[in-house]
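Reviewing the structure listed below.
Sequential numbering from 1 along the given sequence is applied to the chain's residues.
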Amino acid sequence: MKTLTAYSAIAAAVGVLAIAALPTTTLAQTTATRTAAAQPTTAPSALDAQFRAIADEEYAWRQREMPSRASKPSTLPDVSAATQQRRLAYWTGVQTRLNAISPDRLSPSERTNYAVYKHQIDNFVDDGRHRLYEMPFTADSSFWSSIAGMANQTFTSVEDYERYLSQLRDTPRYFDQQITNMRAGLARGFTQPKASLVGRDVSILSVTEPTDPLANPMYKPFIDMPSMISDADKQRLRAEAVQVIQQQVVPAHRTLLSFIRDEYMPGARDTLGANRLPDGEDFYQTQIRQYTSVNLTPDQIHQIGRAEVARIRAEMETVMRSTGWTGSFAEFITFLKTDPQFQYDKPEHLLWHGAWVIKKVDGKIGQYFNVKPRDTFSLIPVPPAIAPFYTAGRGGNGACLLNTYDLPSRPRYNIPALTVHECNPGHAWHGVLRREHAQLPEWRSQAGISAFGEGWALYTEKLAVEMGIYEDAYEDFGRLNYEMWRAARLVIDTGLHSKGWTREQAIAFLSENTALSDHEVGTEIDRYITWPGQALAYKLGEIEIVRLRRLAEAELGADFDIKAFHDHLLALGVATIPAMTTEMEAFIAESKQAATAARAGR
C-alpha cells in the first residue's frame, strides 16, 4: 500500500516505544454502538478504588486551583512563585502515592487511565522542579496573546460580558506576577534565547498602539452584541469596557512591553540549547517525556529522525520526477517556492481551498470510520496580531485556523496536507469526536498527550492518499514535504537542544530538505528553539500508529477492517504511546481470535 511502505527499519528503531508499555488486554468502549470488544464485567478492585480516589481528589483540587476557561472563571490565574511552589509540593505528594501503586495490579480497564493520569502528574512535578513558570512564553505562544485570545470567545449573555470585564480588570495583577517570575528567570539564566525574541513584541503592540479604545482588539466582543441583551445593558457594558481598556488593560500591556524591551531581551541568554539552561540536560529529558510520552534519549531520537529523512527524501525524488522535472532537487525546491502558479492571489482563496479539502474528506469519511462527530467546526484565518510569527495552521476547540499572512509563503501544494492535519480528519474533527464520544474520566478526557494527538493528525496526511484527496503530483509532493518537515524536527530539535547546533545550522537543514518558504522556515526554527521537545511528538506518534496498522493488516489479512481499526484507536480518546501500543495490540489479537472462531463456526 502506497501510504504505509518502507517503514520496517524505522519501526524497528522505534520498537523501544513499546518496551515500556503498560500491560492491558481491553479497550474501553466509547459508545454502546462501538464495534470494539466489550469491557470485562469484573468489579473494580480495591486498588482500582484507591487509584480513582487519588485521581478524583487531585483533579477536584486542580480545578479549584487552576479553573479552565470552560468553567468561566472571573479572574485570571494565580501564577505567583509561592503558589507555584505550593502546587509543586502537593503534586509531589500525589506522585509519591501513585508510585506506590503497581499498575500491573490494577484491573485492565484502569491501566490506561493510570498511564495517562500519572503522565500528567509527572509533568506537573517536572515543570515545577525546573520552575518552567519563569519562562512563560515561546516564539509560538505567550500568556499575553492568550489574554488577547479571550476576545474571541463566544458571548451570549450579560454574565459572559461581566465575567470578561472582570478578567480584564485582573490583567495588571496577572502581568505583574508573570514579570516577577521572568525577573527570577533572568537572575538565574533561565530565559528564552535572545536570538529568537526579535519582533515577538508585535502582539503586545496590537493592544498598546490603538489610540481609540473602540479600535482595541480587547473591545471586539462589544461591537456586535447579541440581540437578546437589552440596549441599556449594551450601553452600560460598552462604557465599562472603554474604561477597563483605558485604565487597566493598556497600562498593563505598556508595562509588559517596557519590561520585554528594556530588561528581558537585553538580559536574555546568548545560548540556544535547552541543555545550556540550569540543570539543562535533565530539563530537556523531562520535555522529551512530556511531549512524546516515552523516555527515548536525544541520540536515539536524532538517529530515528536521520533515517526518516533519508526514507522520505527518496520518495520526494520519485514524485518530483513524476512531474517531468529533469533538474536537481534544489532547483525543484526553488521552482516550487517562486513559481506564481503555486501562489494565492487573495487570503480568501487559501481559505476556500481549505474548505474544499474539508468537504472532499467529508465525502469519503464514511468509508474509513463508523463513529463520526455530529457537530462541525469553523474554519477561520489566524488573527492578524499573531499571524506573522504563528505556525501555518492549528486545529481544535471547535475551530480550524489557517494562516493567510504573507501569501507567497503559503503555497497551494501544501494546503491539502495542512488542512487534513489541522481540520478534517485531523485535529478539529478529532477534537469534536473526543468531546462527543469519549466516555472517560474528566482528568483523562481533558488531558493532552502530544504524541497521540499529533501522531494521529500526521497519520491522517497519509490516510488522505487512500481517500484520494491529493489531486496531482505537486499536492502529493506537498504531503511529503510536510512529512519531511516533521521528520526533520526530530533531527533539528535534538540538534539544537543536545548537540550544540546553531540557528543557522537548523535553518539550513530545514531549507535543504523541504519546500517550506523562507518565512516559514524562520518561524518554525524559532518555535523549536523556544519550545524544546514539542516538535518531537508528531513523528514518534505517527510512526507507532503506522506500525500498528501494518501489524493489523499483516495479522488479520482479509479480515482487516479499517473502520474498526480507526474506531478502536480513537476510542482511546488520549493515551501515552506505550499504553496505545498495548491497547491496539490487544485489539488486533482479539480481532484475529474472533475471526478465527467465526470461520470455525461456519
Side-chain angles (χ1 to χ4, degrees), residues 2-7 10 305-325 327-344 350 353-354 357 391-394 402-403 406-423 426 454-455 457-465 467 469-493 506-525 527-528 535 538-539 542-543 546:
K2 180 179 179 181
T3 61
L4 302 177
T5 55
Y7 254 67
I10 308 302
R306 290 283 188 183
E308 272 286 74
V309 166
R311 179 189 66 80
I312 299 166
R313 177 61 175 267
E315 288 192 41
M316 294 175 83
E317 296 269 1
T318 299
V319 174
M320 177 186 73
R321 296 305 176 198
S322 75
T323 69
W325 187 263
S328 68
F329 184 84
E331 291 168 338
F332 186 63
I333 295 300
T334 300
F335 161 69
L336 291 177
K337 287 183 177 182
T338 58
D339 195 286
Q341 69 174 298
F342 301 118
Q343 298 175 8
Y344 296 101
L350 187 156
H353 191 182
V357 172
T391 191
R394 188 154 291 169
L402 297 179
N403 201 332
D406 188 18
L407 282 179
S409 71
R410 319 289 176 190
R412 292 176 181 271
Y413 52 81
N414 283 343
I415 297 305
L418 175 66
T419 304
V420 167
H421 181 108
E422 302 294 350
C423 304
E454 297 295 355
L458 182 52
Y459 164 79
T460 65
E461 295 178 29
K462 277 187 170 65
L463 184 64
V465 176
M467 290 180 163
I469 302 304
Y470 307 110
E471 297 189 344
D472 56 32
Y474 293 114
E475 291 189 357
D476 195 36
F477 189 90
R479 171 188 68 85
L480 289 167
N481 181 49
Y482 264 35
E483 186 179 6
M484 176 65 88
W485 175 25
R486 280 49 166 264
R489 291 174 180 179
L490 302 182
V491 180
I492 293 169
D493 195 281
I507 287 174
F509 190 86
L510 196 57
S511 297
E512 290 165 6
N513 286 289
T514 71
L516 295 177
S517 66
D518 293 344
H519 171 81
E520 196 159 26
V521 166
T523 58
E524 285 298 309
I525 294 304
R527 172 184 164 192
Y528 310 150
Y538 303 69
K539 248 299 163 187
E542 180 253 6
I543 287 173
V546 170

- prompt: Does any non-hydrogen side-chain atom of H421 lie less than 4.5 Å from one of E454?
  reply: yes
query: Any idea which heavy atoms bring A488 and L510 closest together, and the distance?
result: CB-CD1, 3.9 Å
Minimal non-hydrogen separation, A473 against V319, with atom names: O-CG1, 3.4 Å
query: With a 4.0 Å cut-off, would you call R479 and E475 a salt bridge?
result: no
Non-hydrogen side-chain atoms of E461 and P416 separated by less than 4.5 Å: no
message: Are Y474 and R412 packed together at the side-chain level, in the sense that at least one heavy-atom pair is separated by less than 4.5 angstrom?
response: no
task: State, to 0.1 Å, how close Y413 and A515 come at their nearest heavy-atom pair, and which atoms those are.
output: OH-O, 3.4 Å
query: Side-chain contact, heavy-atom cut-off 4.5 Å: T523 with R527?
result: no
task: State, with a plain yes or no, whether a side-chain heavy atom of I469 is found less than 4.5 Å away from one of V357.
output: yes
message: My understanding is that only residues two or more places apart in sequence, or in another chain, count here; which of them pass ring-ring contact (aromatic ring centres under 6.0 Å, His included) with F477?
response: F332
Non-hydrogen atoms of Y482 and E520 that approach each other most closely: OH-OE2, 4.3 Å
field: Basic-acidic side-chain contact under 4.0 Å: R486, E483
entry: no
message: Checking F509 now: which residues fulfil ring-ring contact (aromatic ring centres under 6.0 Å, His included) with it, not counting sequence neighbours?
response: W501
- prompt: Any luck finding a side-chain donor-acceptor pair between H353 and R410 under 3.5 Å?
  reply: no
